[in-house]
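Only one structure is covered here, and it is reproduced in the block below.
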2 protein chains.
Amino acid sequence: MLAEIITIGDEILIGQIVDTNSAWMAKQLNLIGVSVKQITSVSDDEQHIIEALEAAEKRADIILITGGLGPTKDDITKKTLAKYFNMGFRRDEGALDMVRQIFKKFNRPLLDINLQQADVPDGCQVIVNKNGTAPCMWFEQRGKIFVSMPGVPYEMMYLMDDEVLPKITSRFQLPSIVHKTILTANIGESFLAKEIEHIEDCLPAHIKLAYLPKLGQVRLRLSAKGNDEAKLKAEVNDFAQQIIDQVGKYVVIDEDIPLEKAIINIMKEKGLTLSTAESCTGGYIAHLITQHPGCSSVYWGGAVAYAYELKESVLGVKESTLTTFGAVSEQTVTEMAEGALKNFGTDYSIAVSGIAGPDGGTEDKPVGTVWIAVSSKKKTVAKVFNFSNKRIQNIERSAASALMMLLNILKEA
Amino acid sequence: MLAEIITIGDEILIGQIVDTNSAWMAKQLNLIGVSVKQITSVSDDEQHIIEALEAAEKRADIILITGGLGPTKDDITKKTLAKYFNMGFRRDEGALDMVRQIFKKFNRPLLDINLQQADVPDGCQVIVNKNGTAPCMWFEQRGKIFVSMPGVPYEMMYLMDDEVLPKITSRFQLPSIVHKTILTANIGESFLAKEIEHIEDCLPAHIKLAYLPKLGQVRLRLSAKGNDEAKLKAEVNDFAQQIIDQVGKYVVIDEDIPLEKAIINIMKEKGLTLSTAESCTGGYIAHLITQHPGCSSVYWGGAVAYAYELKESVLGVKESTLTTFGAVSEQTVTEMAEGALKNFGTDYSIAVSGIAGPDGGTEDKPVGTVWIAVSSKKKTVAKVFNFSNKRIQNIERSAASALMMLLNILKEA
């Protein structure tokens, strides 16, 4: 069963927003055994939308469409779908009721264009959207399924979870797709490939291996497709075990979770607690950790100490350290980590202080210079890194490196 | 001049990574006057890549391709491009030199598959990639340009900024594309549309207006295309001014910047300082603010107070408040905000405490219950919100709502 995703909206094509919907949808579809063949982003242009629909209809069985369902004139998806399927319009009572409820809840005046949100192509089935005024529309035409959903992420997510995915599952006999991911660190992609070449060469045609490098980590992903889920799982697990046996010392975890989640799991198991003291990463490490449910038994919190004043008052960094060595120094980052450990009462702490840029660099300490320290009751380890001249990258790479340092110290312990 | 972007990689189609490259590339292309017609994500599959290339070649003048250039077996973009253009391979000396330099720098053993990174289709021009082993390849065929770049974001970004964009600009007479964005808040999309309907109706064909709603804000984007940049700018500014005159009280800022950046600008201008006290947003507000260069003159830092202990020790929340009213309460969030103001010595502070979920909800305080407070020397305002049952959404919506509350209080002052 093949699906395609079409996202509609000029804002994607001019780069004003990043399309996060497609990745989320693709992940959910894969979990129920539907492969995504292609993701296509097109503009709010009738002819272009029709071309994309035609091309997708040729390749896929299910076409999921997001975006272009707002009440304003630039949104033309509904009109275009009616034209594509040669349908007229009808006003849907369920959708109308939802529009009225939402406007009542937010106490906003109900305009004519809001009522028009309940007008749908007359050959579609309406799935009521509980979180917005644009209904979800389900078309079955020429043996294919087309589902049109709003582009607002949380509206689309509710509709997919509660309505669209269950409907697809109940409608088709789906093959199984099994993925297994192994997160590795401290080893380059090509060196890793060489180490496991003999395993890769033995993979049968229905199992694929992919290498996904990111910020000093490489994810290995085994993907298998077939009808017998139990057999696929056994096969994939067997190959995964061969890989782990071969390159075990580089393996962080054999789950498809990010590094910080792997660390939370390891620390939770050992009953350890963590705090953070962030300067140039400005809360990004804390955010990475606190995205994950259940982090609170490990992560107690921390400080975002941007100003000198907070480094001193909250983390106990000595004024003389800051004035003698500067905020971006081994001495400061060490005091930040040790201050967090002491003041926040945790077993481990991470501290980061660097020059994220674009300003603030000097000859000695150019933009991208970042000191990172990890502290435990036993010791404090500090290390300097030289990243790039791009602010966001420096923040991301600092966070990844800090987490890697913590992981390596946890592994030693 | 039309461009298309093709991203290659199974990891996108199974939803393992979000494609952030395309939005960035589209933005840069628009800035130099190249419109992006379509963004297409396809798998690491030869036939599928060729179909995508054929379709893009029909529609666009420039085709930018990312991904599938790694040294491992799952990466087949280079081989596929050679097949598509019917070319053989040659080893490129410049690319080979860069591979050698990079392996020397990281002190890693150089393998045969790494040397093969310097093999390129013999009809392409190589642009050396200073940040990675996969060279950028520039093809001019049948009157069209094809550029293949690695999918690693920072490698692609350097190549685009330093090489590809300047090459496109020097090669073509490009039309101008002018965008102007107005950020509005506290008004719904359809109500806004009705307010400015008469302005929208007067827009000439070469100027488009789009509505981009997100987390309680609506961005209005005017886009004009033509040859006379100065004239386009004047026209767009004139329509923007008409809109601002009409709905001025909802306008946050007339720039394409996020809400937190608008707040930094307003506070910087007034010489005001800000701190944060985050529980359920876990550093996300701090991260949003510190993404932006120059935030340090406004933002001094804050606490991520996940555990009760940190709420008490760092923010000065009374133990009795926590035990009597709970961490998610008007009383606690008020003490958090006032504690931040006092302990961190800033003019304004934001505090957030809520139940992000999926666990931790009760009948009285279900998942999605979030208390937010904004404090200044004059007063503290606290408000409760009821968001969703999805953790990431609750974090994002809490942050957006907290920033909105701060903005509204800044506007009053």
Side-chain angles (χ1 to χ4, degrees), chain A residues 10-11 13-15 17-20 23-24 26-27 30 36 38-42 70-74 108 111 113-114 154 188-191 193-194 200 209-212 282-284 286-287 290-291 293 296 299-307 309-310 314 344-345 358-359 388 391-393, chain B residues 10-11 13-18 20 23-24 26-27 30 36 38-42 70-74 108 111 113-114 154 188-191 193-194 200 209-212 282-284 286-287 290-291 293 296 299-307 309-310 314 344-345 358-359 388 391-393:
Chain A
D10 292 344
E11 65 276 21
L13 296 170
I14 68 161
I17 64 159
V18 172
D19 169 26
T20 54
W24 187 88
K27 198 165 193 170
N30 264 274
V36 176
Q38 181 167 316
I39 299 167
T40 311
S41 296
V42 298
T72 51
K73 289 181 189 171
D74 56 319
R108 282 201 177 142
L111 309 175
I113 52 168
N114 302 127
Y154 81 93
E189 184 184 3
S190 42
F191 199 67
K194 191 156 188 288
E200 194 172 358
L209 176 66
Y211 295 76
L212 311 169
Y284 185 60
H287 167 58
T290 57
Q291 284 179 84
S296 60
Y299 182 66
W300 281 21
V304 180
Y306 235 57
E309 288 84 346
L310 267 79
V314 182
F344 305 150
D359 304 319
S388 72
R391 185 175 182 88
I392 303 293
Q393 275 171 34
Chain B
D10 292 344
E11 65 276 21
L13 297 170
I14 67 161
Q16 193 157 21
I17 64 160
V18 172
T20 54
W24 187 88
K27 199 165 194 170
N30 264 273
V36 176
Q38 182 167 316
I39 299 168
T40 311
S41 296
V42 298
T72 51
K73 290 181 188 170
D74 56 320
R108 283 201 176 143
L111 310 174
I113 53 168
N114 302 125
Y154 81 94
E189 183 184 2
S190 42
F191 198 67
K194 190 155 189 289
E200 194 172 357
L209 176 66
Y211 295 76
L212 311 169
Y284 185 61
H287 167 58
T290 57
Q291 284 179 84
S296 59
Y299 182 65
W300 282 21
V304 180
Y306 235 58
E309 287 85 344
L310 267 79
V314 182
F344 306 149
D359 304 318
S388 71
R391 184 176 183 88
I392 302 293
Q393 275 169 33

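The sequence lines fix the lettering, A, B, ..., with proteins before strands; numbering per chain opens at 1.
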Where does B/Trp24 contact chain A at under 4.5 Å (heavy atoms): side chain, backbone, both or neither? neither
Report the residues that fulfil salt bridge (charged side-chain N to carboxylate O under 4.0 Å, His left out) with A/Lys194, sequence neighbours left out, ordered by chain and then residue number. none
For each of A/Tyr154, A/Tyr299, A/Phe191, tally heavy-atom pairs with chain B at distances under 4.5 Å, and name the one with the top tally. A/Tyr154
Contact class of A/Ala305 relative to chain B, heavy atoms under 4.5 angstrom: backbone
One option among B/Ala286, B/Ala193, B/Ser388, B/Gly302 has the most heavy-atom pairs under 4.5 Å with chain A, and it is B/Gly302
If we define contacts as heavy-atom pairs under 4.5 Å, which of B/Ser296, B/Ser190, B/Gly345 has the most with chain A? B/Ser190
Quick check on the interface: out of B/Gly283, B/Pro293, B/Ala210, B/Pro358, who has the most heavy-atom pairs with chain A under 4.5 Å? B/Pro293
Looking at B/Asn30, B/Asp359, B/Leu310, which makes the most heavy-atom pairs under 4.5 Å with chain A? B/Leu310
Please classify the contact of A/Gln393 with chain B as side chain, backbone, both or neither, using a heavy-atom distance under 4.5 Å. side chain
What part of A/Gln291 is in contact with chain B, defined as an atom under 4.5 angstrom from a non-hydrogen atom: side chain, backbone, both or neither? both
Could you state the interatomic distance from OG1 (A/Thr72) to CD (B/Glu200), rounded to the nearest 0.5 Å? 7.0 Å
Taking every heavy atom of A/Asp74 against every heavy atom of B/Tyr211, the minimum-distance pair comes out as OD2-N, 3.3 Å
If the plane angle is over 60° it's perpendicular, under 30° parallel, otherwise tilted; pick one for A/Tyr284 and B/His287. tilted
Run B/Glu309 and A/Trp300 through side chain to side chain contact (heavy atoms under 4.5 Å, CB included) and show every step you take. CA-CA 8 Å; B/Glu309 287 85 344; A/Trp300 281 21; 4.0 Å; yes
Residues which pass salt bridge (charged side-chain N to carboxylate O under 4.0 Å, His left out) with B/Asp10, listed by chain and number, not counting sequence neighbours: A/Lys208
Counting heavy-atom pairs closer than 4.5 Å to chain A, which one of B/Val314, B/Val36, B/Ile39 comes out on top? B/Ile39
So which of A/Thr40, A/Val18, A/Leu13 has the biggest tally of heavy-atom pairs under 4.5 Å with chain B? A/Leu13
Which atoms of A/Leu212 are under 4.5 Å from chain B, going by heavy atoms: the side chain, the backbone, both sets, or neither? side chain
Most chain B-contacting option - heavy-atom pairs closer than 4.5 Å, from A/Val42, A/Leu111, A/Ile17: A/Leu111
Top contributor to chain A interface from B/Ala307, B/Ser41, B/Ala26 [non-hydrogen pairs under 4.5 Å]: B/Ser41
Nearest-0.5 Å distance, OH of residue A/Tyr306 to OG1 of residue B/Thr290: 4.5 Å
Checking A/Lys27 against B/Ile14 for the side chain to side chain contact (heavy atoms under 4.5 Å, CB included) test, could you report, in this order, the C-alpha distance in whole Å, the side-chain angles of both residues, the deciding distance, and whether it holds? CA-CA 5 Å; A/Lys27 198 165 193 170; B/Ile14 67 161; over 6 Å; no
Heavy atoms only: give me the nearest A/Glu189-B/Gly70 pair and the separation to one decimal. OE2-CA, 4.3 Å
